[in-house]
Amino acid sequence: MKYQSPKGVSEYFPPRSSGFEFVRDKLLAPIKNAGYQLLELPVFEDTELFTRGVGESTDVVSKEMYTFEDRGGRSITLRPEGTVGALRSIIEHGLDRSALPVKVFYCGPFFRAERPQAGRYRQFYSLGIEAVGSDDPALDAEVIALAYEGFYGIGLRKFRLDITSLGDADSRKAHRVDLLAYIEKLNLDDPTRARAGINPLRLFDDKRPEVSSLMAKAPRLLDYLSEDSSEHFKKVQGYLSAMGIPFSINPLMVRGLDYYTGTTFEFVHEDLGAQSGIGGGGRYDGLMENIGGQNISGIGFGLGIDRALLAAEAEGILESHHVSPLLYLIPLGEKAKNVALKLSHQIRNAGLAVEVSMGDKALKNAMKSADKSGAIYTCVLGDSELESGNVELKEMISGNATSVTLSALLTTLQLKTVKK
RNA sequence: GUGGGCGUAGCUCAGCUGGUAGAGCACUCGGUUGUGGUCCGAGAUGUCGCGGGUUCGAGCCCCGUCGCUCACCCCA
């Protein structure tokens, strides 16, 4: 094989691509129903936007970005995440100058130069929302609910929701001092110590039992929340409970992006491998201002479409979502082909799905293709039909055929679809 | 970046202690005139990942290389 896809990219081809569409559309549905509007964004931005917005100290920025120089000598980076690009667009086009909160969603490919793994790709697909300009805890709860509704709408059941609060700047400052003092006394290897130096919270996320047991008694950020932060977090929990959304508070949860403050959350699926997070997000108090906007808070999430698809497959809830044609037309001969094409054109214009047999197959083989297409009805068009003006409309499941005049075919099909 | 596993037909894989390639599924066509799903038959498809070595002979052994994959790390 001469060419193959670049290492670690996810690509979707039939028949699985229909599952991808299904998952994406299901995730999107509640978001649209909640008044979020599309933000169609570039997949690359000035590198500085990410280094500044996401944070130099994060793994994402320090070693996972696809960065290159364009022909004008500008440093460009393929977006590793969606929030800062979305906020840049909101600021640049003044969307935050009208009624707040601004509520937008976006969807598409993201890029991280990581070692690929099950559920982790160098090009992956995410769907995100951002709600900017309100610090109402009800908004936190609504945003979380939208993700939950999306996953639930796909049919996923074996997932859980973890939430925590990172508090405000003062909360984190006080905690950091105590946490560093605690870590100082631990017997850790050098790389781990180095990670602690970059962000001590990371150690809470270490999967090695020897580390996690040491961290079990470490001071927890949740215990350091200011009164405001604590109050806010309690309200979020109350709203979630009111909606009947199950969640657990996970004080050990850590997110890899620097901009998160206050409420953060993560959806974890139990049937996936090491990469089990199917979505996550949180509030960001200083991010808008940090990248040149107003000093207003926002909250958002990113949902992994690739992973949601894997999860749906793992739960066995994904039937084929290929759109089968209503009618499969089989022309026999050149004259019939003209008529079939014309008919199919009219039928599609009427908004119905129709396929035409191609390649002058023997009728038997054309019927096999019709069967494979999953068509509900099949119709053979040969010389005798053209002459008489009558066709047999064959219902594939029962095998029964009814005679219809050629001119009434479209209206007959329309009637049949209305009945269902 | 660090480890483990694996590379044989489109897919899933078999291939005995080395004797120069197979199955199932899928696909195309056919089983007498223009009707699918079952059945039967026929056909096409591989530089056995690539390069080197050992050997009379390598899919099988050795070395290298590339790729895929899983995990660490990190996250969607």
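Each chain gets a letter, A, B and so on, in the order the sequences are listed, and its residues count up from 1.
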Taking any heavy-atom pair under 4.0 Å as a contact, classify A:Phe110: base, sugar-phosphate, or nothing. nothing

Is the NZ or CZ atom of A:Arg157 positioned over A:Tyr152's six-membered ring, under 6.0 angstrom from the centre and within 45° of the axis? yes

Between the base of B:C73 and the side chain of A:Arg120, is there any donor-acceptor pair under 3.5 Å? yes

I'd like to know if the side chain of A:Gln123 reaches the main chain of A:Pro109, judged simply by a donor and an acceptor atom lying under 3.5 Å from each other, with no hydrogens or angles considered. no

Write down the partner of B:G43 under the Watson-Crick or G-U wobble criteria, each distance required to be under 3.5 Å. B:C27

Does B:G34 have a Watson-Crick or wobble partner in any strand here, with both distances under 3.5 angstrom, and which is it? none

Could you write out each protein N or O paired with an N or O of nucleotides 31-34 of chain B at a distance under 3.5 Å?
from	atom 1	to	atom 2	distance (Å)
B:G31	N7	A:Lys364	NZ	3.2
B:G31	O6	A:Lys364	NZ	2.9
B:G34	O6	A:Ser384	N	3.3
B:G34	O6	A:Ser384	OG	3.0
B:G34	N1	A:Ser384	OG	3.2
B:G34	N1	A:Glu385	OE1	2.9
B:G34	N1	A:Glu385	OE2	3.3
B:G34	N2	A:Glu385	OE1	3.4
B:G34	N2	A:Glu385	OE2	2.3

Centres of the A:Phe301 and A:Phe267 rings: under 6.0 Å? no

Taking 4.0 angstrom as the limit, do A:Lys337 and A:Asp360 come out as a salt bridge? yes

Using the P atom on both, measure B:C25 against B:A21 and round to a whole Å. 23 Å

Which parts of residues 153-165 of chain A get close to RNA chain B, meaning a heavy atom less than 4.0 angstrom away? none

Nearest whole angstrom, please: distance from the P of B:A71 to the CD of A:Gln275. 7 Å

Measure from CD on A:Gln117 to C1' on B:U69 and round the result to the nearest Å. 10 Å

Check A:Arg52 with A:Glu48, please: is the shortest side-chain N to carboxylate O separation under 4.0 Å? no

Side-chain donor or acceptor of A:Asp371 under 3.5 Å from a matching atom on the base of B:G36? yes

Could you tell me whether A:Glu64 contacts a base, only the sugar-phosphate backbone, or nothing, with contacts defined as non-hydrogen atoms closer than 4.0 Å? sugar-phosphate

Test ring pair (Phe, Tyr, Trp, His ring centres under 6.0 Å) applied to A:Tyr182 - qualifying residues, sequence neighbours left out: none

Which residue lies toward the 5' end of RNA chain B, A:Gly273 or A:Gly399, if each is placed at its nearest nucleotide? A:Gly399

Applying a 3.5 Å limit to both distances, which nucleotide forms a Watson-Crick or G-U wobble pair with B:A21? none

